[in-house]
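Below is one structure; the comments refer to it alone.
Note that these values count all heavy atoms, side chains included, but never hydrogens, waters or copies made by symmetry. Throughout, a chain's letter reflects where its sequence line sits, starting with A, and its residues are numbered from 1.
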Amino acid sequence: MGVDRPSLADDGLGKGAPGGQKGPNDRGASMRIATFNINGIKARAEALCAWLDEAAPDVALLQEIKSVDENFPRELFEDRGYNVETHGQKSFNGVAILSKLPLEDVSRGLPGDDEDEQARWIEATVTGDNHSVRICGLYLPNGNPVPGPKYDYKLAWMERMRRHAAGLLETEMPVVMAGDYNIIPQDEDAAKPEAWTEDALALPQSRDAFRRILNLGYTEAIRARTAAPGLFSFWDYQAGAWQRNNGIRIDHLLLSPQAADLMTEAGIDKDVRGRDKPSDHVPVWIDLAA
DNA sequence: ATGCCAAGAAAGTCTTGA
């Protein structure tokens, strides 16, 4: 909290001061919250720890841990000063929160469907020097192929999320909902938008559902700071997508009005994609004067 | 477009991802 920390953001959005200097809204308290789809905790333990040690986020929301809770290597993170809460399942999905501050009122699973057994949502409250923040980590369904039951599940899940997001606003707390949304919000969020027109990540119905959540009053962090095209958070392992910079931006942080007012920085740690044994996603983060 | 890469479960070669 409140300490200078290195920034890995080579997408640094051309704004803000380097080296962790204080932003204009910073009153001495700074909480960095990052989201990172790690694509398997077992395969990513080394790369994840290297990033944590360098980026030093106060809170890291992880998706696709692909692990049951009992097998999650929590000691790796506890040894680094993180509190750990997981919501996992066998083989697929699974989300986790790492936090240097205590995690209170932890809740697992997206409300609204008792039949849903997919581990895609976890939330907790973190208290900074001046504010308590409700932080939600989410892994939104991919939805392909379209049409089909997976796409129906995606749209139903997004409607459930919209309802829950509306309820969170009523608390008037700063709320951060961050994770892998599996949504390309606009054409400028893809290197080749024409390749995604029929895909569950970019179909008009998908974008509409995303926008309905935004329209409740949430701010998408990166787009609040820049309209620049070419900012991506995912590059496929196939067909040299990274080398060709054939990326898409699908990992997002949505902020309630109270949280948006606290944001001082936002960035994407793009260089993480070029390291050894990378995930296909990279971390996206914000700083809150919380 | 599909499944070029990767991960997991499991011991074949599926399934899933985006």
Side-chain angles (χ1 to χ4, degrees), chain A residues 35-51 61-73 76 86-96 116-121 137-155 157-158 161 178-207 209-210 230-252 268 270 272-284:
Chain A
T35 175
F36 190 4
N37 180 323
I38 57 172
N39 189 17
I41 185 59
K42 187 177 177 183
R44 212 65 58 217
E46 195 171 335
L48 172 59
C49 287
W51 168 74
L61 303 162
L62 307 179
Q63 300 89 41
E64 286 207 89
I65 64 172
K66 297 185 176 180
S67 166
V68 294
D69 296 333
E70 307 83 75
N71 293 344
F72 190 83
L76 278 178
T86 61
H87 180 41
Q89 69 179 94
K90 190 177 176 181
S91 304
F92 304 114
N93 306 322
V95 288
D116 187 0
E117 295 183 348
Q118 298 192 30
R120 296 178 175 276
W121 187 278
L138 65 107
Y139 176 45
L140 204 148
N142 174 305
N144 284 305
V146 182
K150 291 188 176 182
Y151 193 55
D152 296 341
Y153 175 69
K154 177 176 192 152
L155 293 179
W157 200 98
M158 293 183 80
M161 180 177 167
D180 178 356
Y181 278 73
N182 272 314
I183 292 286
I184 302 168
Q186 297 178 276
D187 280 355
E188 51 266 46
D189 299 312
K192 298 182 177 179
E194 66 279 6
W196 298 94
T197 55
E198 305 299 319
D199 193 280
L201 278 62
L203 278 169
Q205 302 96 302
S206 305
R207 289 177 170 175
F210 181 69
L231 298 174
F232 307 134
S233 65
F234 170 92
W235 294 260
D236 201 300
Y237 289 120
Q238 301 181 73
W242 167 246
Q243 289 75 11
R244 298 164 190 262
N245 195 28
N246 180 15
I248 52 177
R249 197 173 68 90
I250 57 175
D251 298 273
H252 310 298
I268 303 176
K270 179 179 181 180
V272 169
R273 184 63 178 81
R275 299 182 183 179
D276 290 340
K277 292 277 289 178
S279 171
D280 39 8
H281 296 250
V282 297
V284 184

Which atom pairs, donor and acceptor, lie under 3.5 Å between side-chain atoms of residues 190-203 of chain A and protein residues at least two apart or in another chain?
residue  : atom : partner  : partner atom : Å
A/Asp199 : OD1  : A/Asn144 : ND2          : 3.0
A/Asp199 : OD1  : A/Leu201 : N            : 2.8
A/Asp199 : OD2  : A/Asn144 : ND2          : 3.2

Next item on the list: Please list residues of residues 40-47 of chain A whose heavy atoms come under 4.0 Å from any atom in DNA chain B, ordered by number; otherwise none.
Entry: A/Gly40, A/Lys42, A/Ala43, A/Arg44
Notebook entry, point to check: Considering only the P atoms, how many Å lie between B/dG3 and B/dT16, rounded to the nearest integer?
Noted result: 16 Å
Next item on the list: Answer with base, sugar-phosphate or nothing: what part of the nucleic acid does A/Asn37 contact at a heavy-atom distance below 4.0 Å?
Entry: sugar-phosphate
Next item on the list: Tell me which nucleotide among B/dG8, B/dG3, B/dA6 gets nearest to the side chain of A/Gln238.
Entry: B/dG3
Item checked: side chain to side chain donor-acceptor pair (under 3.5 Å) partners for A/Trp157, two or more places apart -> none
Notebook entry, point to check: If you look at every strand shown and take non-hydrogen atoms under 4.0 Å, does A/Ile184 touch a base, only sugar-phosphate, or nothing?
Noted result: nothing
Notebook entry, point to check: Quantified in whole Å, what is the C1' atom distance between nucleotide B/dT15 and nucleotide B/dA10?
Noted result: 12 Å
Next item on the list: Only counting residues at least two apart or in another chain, list the ones meeting ring-ring contact (aromatic ring centres under 6.0 Å, His included) with A/Phe210.
Entry: A/Tyr181, A/His252
Checklist line | Separation of the P atoms in B/dG12 and B/dT2, to the nearest angstrom | finding: 30 Å
Checklist line | Which residues share a side chain to side chain donor-acceptor pair (under 3.5 Å) with A/Asn39, sequence neighbours left out | finding: A/Lys66, A/Tyr237
Item checked: side chain to side chain donor-acceptor pair (under 3.5 Å) involving A/Arg207 - partner list, sequence neighbours excluded -> A/Asp187
Next item on the list: Under 4.0 Å between any heavy atoms, over every strand shown, what does A/Tyr181 touch: base, sugar-phosphate, or nothing? Just pick one.
Entry: nothing
